[in-house]
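Read the structure below first, then the notes.
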Amino acid sequence: MSKKHSFQTEINQLLELMIHSLYSNKEIFLRELISNASDALDKLNYLSLTDEKLKGLKFSPRIDISFDSAKGTLSIKDNGIGMNEEDLINHLGTIAKSGTKSFLNSLSGDKKKDSALIGQFGVGFYSAFMVADKIIVQSKKAGDTKAYAWISDGKGEYEISECTKEEQGSEIVLYLKDEDKKFASKWEIESIIKRYSEHIAFPIFLSYEESKTQEEGDKKVEKKEHKCEQINKATAIWKLPKSELKPKDYEEFYKGFSGDSEAPLCYVHSKAEGSLEYTTLFFIPKKAPFDLYRVDYKSGVKLYVKRVFITDDDKELLPPYLRFIRGVIDSEDLPLNVSREILQQNRILANIKSASVKKILSEIKNLSKDEAKYEEFYKEFGKVLKEGLYSDFENKENILELLRFTTSAKQNRSLKAYKDSMPKEQKSIYYLLGENLELLKASPILEKYKRQGYEVLLLSDEVDSFVMPSVGEYDKVALKDAASKEALSELGEEEISKEEKEQFEALTKEFKEILSDEVNEVSLSKNLASPVALIGTEENAMMANLMRQMGQEMPKMPKNLELNITHPLIQKLSKHQNKEELKNMARLLLDSARLMDSGSLDNAKEFSQALFDLLEKSL
Ligand code: ADP
């Protein structure tokens, strides 16, 4: 008796895509199926050591590949955990993870790029429909007596029926499409496995037939001989000594492990011996993973205990700001039967984690010696790294060392370089926050600092406004918001004389009255380049901090309007009498200052009206 089931809508969408669009890199289907088999072996390995029911189970984990080139079939078999009827429905008929949905959303239309995404998103199994028009999965779950067959042609439906199967595990049989029959060949299979799966931790055996000519009497007869060969190294590469490994080995392992089609930017492999014994192998990818900024990002680090896989979905293995790291932690000291929940509070793991973070940060620092490479890294991961300032207090100084900024003077500037070139009298490190670099570079506030010969960090990443105010100091120098009164008071601006104050008193008073609802204060300055500027206030800074702590957006707060008394426009204005015109001028000047400050206006209509009136009068 077989039962028909329909695929979930998203699976159909996915299959449609696999079958009709993603042609460029078809061979990866084999990597995906082998990776699933390896996961299944990992799971059973773990359970056979920890689960009461499966403890006695004797099994030597292996993956077997066989093919029939005449029929065009290819089989991938493992003796891992296997699937029961329910598993088959849940795992090969529905999408449990949101990953596949995001996969569908992130497709670019560029086939090469899109097929590279398949591995990252873990839609692995279905990729087999790129090359097969029928797939049969026969599976028996470890510990069960019944086995089930799953059959589908990838067109909307699949069928499940009982079948017979000796050993636990799964066998996936692909009925290759005519144009893909080439995959049923020894040479193809070997070369794909060499490329992608050489360092799968389990042996992969390939069965094939070899023809031999033998002499029987005076006749030559062709005989077929059956052979079975292990075709991968099957070593947990991280356990090998560094001296035995070449960069190419790391690169190949990384590709198979992460599903990334590109080589990693760099890697760090280390072994700790002493009170704790463990091995770590971490990679920094070249490109940010698709889910880097998603809340439900997938952890890229796998935890092993004495080569036995424990988990790959523990986001606590590394702090969130290092979520772009891919790699392995393998501990000799953790107990195998520790539950995944308890892992989180485990002291051994906490120690490994803390040491790993330091290792990775110091590797990134190493990377920074090569400027071009570091730029590449920073473009992808700089923003994420900054989050660490907020969450990893212990490593704050280390993280600060790694940051690079665009400043009023230079690009890719480190805080160290900034500090080293500070003029003697400069008291703090100054930064200016804003929407984008264009605006920041044109800021009238920046002008004040430039006049003093002070460099200012220009910060336009969204995370900057959260993170930078909490930094406090770098190497004993305070970091200050350049638009704050406190920072501005450090500039040693030219004093306004008593006479000057008197000269502009009437204008100041007039402006205050006109703009009383919109600005906090109207003050005078001799250090601006433009006629006016908006300056942040202490209340702004305090409010911003408070809102941040509550995780809310900063409301609009009134700022101070500064008038540049050295500017001819302001000087002429101070002698102007017409109240109606002054009102217009005040409006226009404030709004121009706002435009320079934030690049946008809420009251565009009023602004335009004031401008039109003025233009009309000037004609
Ligand atoms: P992923 O491997 O990323 O989870 P797949 O679509 O490749 O996504 O597989 C879906 C699920 O099907 C797996 O998570 C696993 O539970 C199950 N599965 C696939 N292949 C096997 C196998 N050979 N043995 C046991 N379970 C498997």
Side-chain angles (χ1 to χ4, degrees), residues 5 7-8 10-15 17-18 22 28-48 54 59 61-65 74-104 115 117-132 135-144 147-150 152 154 158 160 165 167-174 196-197 200-202 204 256-260 289-291 296-300 302 309 311-313 326:
H5 301 264
F7 285 119
Q8 204 185 16
E10 281 90 1
I11 300 265
N12 275 326
Q13 249 174 299
L14 190 67
L15 285 169
L17 205 96
M18 294 287 172
L22 297 176
I28 59 145
F29 81 92
L30 191 55
R31 174 188 77 190
E32 298 300 314
L33 296 182
I34 288 177
S35 152
N36 282 348
S38 161
D39 289 349
L41 293 168
D42 267 334
K43 282 180 196 155
L44 186 56
N45 232 353
Y46 175 72
L47 290 176
S48 70
L54 296 172
F59 94 113
R62 59 184 279 159
I63 298 168
D64 278 284
I65 299 183
L74 175 62
S75 146
I76 295 98
K77 192 170 92 180
D78 66 72
N79 56 353
I81 182 77
M83 289 177 273
N84 59 22
E85 187 175 16
E86 199 187 337
D87 293 338
L88 285 167
I89 295 172
N90 288 337
H91 299 325
L92 304 185
T94 49
I95 291 177
K97 294 161 294 173
S98 55
T100 309
K101 263 190 196 158
S102 7
F103 169 72
L104 291 167
S115 39
L117 286 176
I118 294 177
Q120 277 198 41
F121 281 85
V123 288
F125 171 78
Y126 303 98
S127 66
F129 281 107
M130 288 196 285
V131 296
I135 297 179
I136 302 182
V137 179
Q138 294 197 325
S139 199
K140 185 172 171 186
K141 191 156 184 167
D144 287 3
Y148 296 89
W150 177 105
S152 178
Y158 59 93
I160 295 181
K165 192 174 182 309
E167 205 182 6
Q168 86 286 337
S170 308
E171 175 170 11
I172 323 281
V173 181
L174 309 183
Y196 297 108
S197 312
I200 286 284
F202 305 103
I204 303 172
F257 177 87
S258 66
D260 196 343
F290 78 96
D291 58 358
D296 60 351
Y297 71 89
K298 204 169 166 343
S299 153
K302 292 191 185 185
F309 170 79
T311 177
D312 63 358
D313 68 354
R326 302 289 177 253

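Just follow the structure's listing: the first ligand is 1, and inside any ligand the first atom is 1.
The shell of residues lying under 4.0 angstrom from ligand 1, judged by heavy atoms, includes Met83.
Here the side chain of Lys165 pairs no donor or acceptor atom with the backbone of Lys140 at under 3.5 angstrom. The closest donor-acceptor contact from the side chain of Ser38 to the backbone of Ile200 lies at 3.5 Å or more, if one exists at all.
Using a 4.0 Å cut-off to heavy atoms of Leu92, the atoms of ligand 1 that qualify are 12 (O). Proximity to Phe125 (heavy-atom distance under 4.0 Å) selects the following atoms of ligand 1: 5 (P), 6 (O), 7 (O).
Residue Asp39 does not touch ligand 1, judged by heavy-atom distances below 4.0 Å.
For Asp87 and Lys141, the salt-bridge test passes: some basic side-chain N is under 4.0 Å from an acidic carboxylate O.
For Tyr148, there are no ring-ring contact (aromatic ring centres under 6.0 Å, His included) partners at least two apart in sequence or on another chain. For Phe202, the ring-ring contact (aromatic ring centres under 6.0 Å, His included) criterion is met by no residue, not counting sequence neighbours.
Ligand 1 has an N or O atom lying under 3.5 Å from an N or O atom of Asn36, backbone or side chain. Inclusion of Tyr126 in the set of residues having an N or O under 3.5 Å from an N or O of ligand 1 is not warranted.
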